[in-house]
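Notes for the one structure printed next.
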Amino acid sequence: MELGLFTCGYQRYPLEQAFEDAGRFGYDYIELWGGYPHAYVEDLSLTGVREVERLVQKYHIPVKCFTPEHNAYPFNYMTGDAFQWVRSMNYLEKAIELTAAMGASKMLFSAGHAGYRMSVQEIDERLQKSLERLVQKAEQQSVTLILEPLTVYESNVITGLNDLERALDKVDSPNLVGMCDLAVPFTTGEPAAEYVRRLGRRFGYLHVIDNDGVSDSHILPGEGNIPLEGILREIRRAGYDGCATIELVTGYLKEPSVYAELAIERIREMLKNE
């Protein structure tokens, strides 16, 4: 597997620190977090992607995936009125354009919480029209959209494999694929490797993380309750050996370099034992 560093955990440091660490710790690529202060979509739309390109060239670490901040902070296309939906779509369409501009082939997004007043039919209709619009933009920009399920603690739209498969069925396009964040199947009681088996060519990405089983927590590999080594073995046996971002987020903001190094060392050891 190619192991990626997620820059969200470096938000209290300059973005360059994440690229420097990715190079010195042996990460294969960057998954660029699109939030303040590093790569917020609205800012990049004004300033361009020159700084990202400079860091890619300096450290010889590609940005393979852009993950714009959304789902209520500040945008969520699954809730709110028509005006808010249009603003959310415009924001994510800009993100797709920026993904292409920085030379990344993938943009990761998810479906935020739809609130407690929407019916199943209303949720399905809003999700479908959103996916159709974003996929059209992705096809124009030659970007692959990675649709991420969230845990039940974060959303009520796509929170498991069946939800993800139905969403992909709604909009059949080679520019839309699914993924697995290991916290999701662990909290819902699903086998992670089944995502690969069921989705086949429509499976395109992996978030590797540990979890306690009772929350949406993203814990340093080896310090939660997921049997990571066995799960990774089953995922590879199912046929996936592509991009796998180690998704350390806000729990490790104080010492991101320390934990980024420790995380990749542990995952490498697990993969070596297969």
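Nothing fancy with the numbering, it's 1 onward along the sequence.
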Specify the closest pair of heavy atoms between [X] and [Y], including all atoms of both residues, with the distance to one decimal.
X: P191; Y: P185; value: C-CB, 4.5 Å
X: G204; Y: I146; value: O-CD1, 4.3 Å
X: V208; Y: I267; value: CG1-CD1, 3.6 Å
X: N225; Y: D210; value: N-OD1, 3.2 Å
X: P62; Y: V56; value: CA-CG1, 4.2 Å
X: L182; Y: I209; value: CB-O, 4.0 Å

With no hydrogens and no angle check, is any side-chain donor or acceptor of [X] less than 3.5 Å from a backbone partner on [Y]?
X: S155; Y: V157; result: yes
X: D241; Y: R236; result: no
X: Y205; Y: A244; result: no
X: Y27; Y: F19; result: no
X: Y13; Y: K254; result: yes
X: Q11; Y: C8; result: yes
X: T245; Y: E247; result: no

Do [X] and [Y] come within less than 4.5 Å of each other through their side chains, counting heavy atoms only?
X: L98; Y: V49; value: yes
X: T67; Y: M107; value: no
X: T7; Y: L15; value: yes
X: L232; Y: L271; value: yes
X: V152; Y: N156; value: no
X: K106; Y: T99; value: no
X: P149; Y: T159; value: no
X: L145; Y: F109; value: yes

Any pair counted as salt bridge (charged side-chain N to carboxylate O under 4.0 Å, His left out), so long as it reaches [range], sequence neighbours left out:
range: residues 60-70; answer: E2-K64
range: residues 30-49; answer: E42-K94
range: residues 135-144; answer: E97-K137
range: residues 178-194; answer: E194-R197

Less than 4.0 Å between a side-chain N and a carboxylate O, is that true for [Y] and [X]?
X: E122; Y: R126; value: no
X: R266; Y: E269; value: no
X: R166; Y: D169; value: no

Would the number of heavy atoms belonging to other residues, nucleotides or ligands and lying under 6.0 Å from CZ of R87 be above 12? no
Test Y91 against V86 for side chain to side chain contact (heavy atoms under 4.5 Å, CB included), laying out the working first. CA-CA 9 Å; Y91 171 82; V86 170; over 6 Å; no
What distance separates [X] [atom1] from [Y] [atom2], expressed to the nearest 0.5 Å?
X: C180; Y: F203; atom1: SG; atom2: CZ; answer: 5.5 Å
X: I246; Y: L248; atom1: CD1; atom2: CG; answer: 7.0 Å
X: K58; Y: L55; atom1: NZ; atom2: CG; answer: 7.5 Å
X: R50; Y: L44; atom1: CZ; atom2: CG; answer: 10.5 Å

Under the rule for side-chain contact (heavy atoms from CB on, under 4.5 Å), what residues qualify as partners of [X], not counting sequence neighbours?
X: N71; answer: Y73, N76, S110, L150
X: D216; answer: T151, Y153, E154
X: E255; answer: V258, Y259
X: D172; answer: R201

So E93 and R133, side chain to side chain contact (heavy atoms under 4.5 Å, CB included) or not? Walk me through it. CA-CA 9 Å; E93 286 174 333; R133 177 161 167 172; 2.9 Å; yes
Walk me through it: do T144 and N175 pass the test side chain to side chain donor-acceptor pair (under 3.5 Å)? CA-CA 4 Å; T144 298; N175 292 78; 4.9 Å; no
Does either side chain, that of [X] or that of [Y], offer a donor lying less than 3.5 Å from an acceptor on the other one?
X: E132; Y: Q136; answer: no
X: Q57; Y: E53; answer: no
X: S130; Y: W85; answer: yes
X: Q128; Y: D124; answer: no
X: Y77; Y: Q84; answer: no

Suppose clustering is done on Ile, Leu, Val, Met, Phe, Trp and Tyr with side-chain heavy atoms closer than 4.5 Å. Which residues sit in the same group as V249? F6, W33
In this structure, is the centre-to-centre distance between the rings of H38 and Y40 below 6.0 Å? no
By salt bridge (charged side-chain N to carboxylate O under 4.0 Å, His left out), which residues pair with E51, not counting sequence neighbours? R54
Those residues that, when tested against E148, pass salt bridge (charged side-chain N to carboxylate O under 4.0 Å, His left out) (two or more places apart): none
Co-membership, hydrophobic cluster, residues F25 and L253, 4.5 Å side-chain: no
Just to verify, what does Y195 make a ring pair (Phe, Tyr, Trp, His ring centres under 6.0 Å) with, not counting sequence neighbours? none
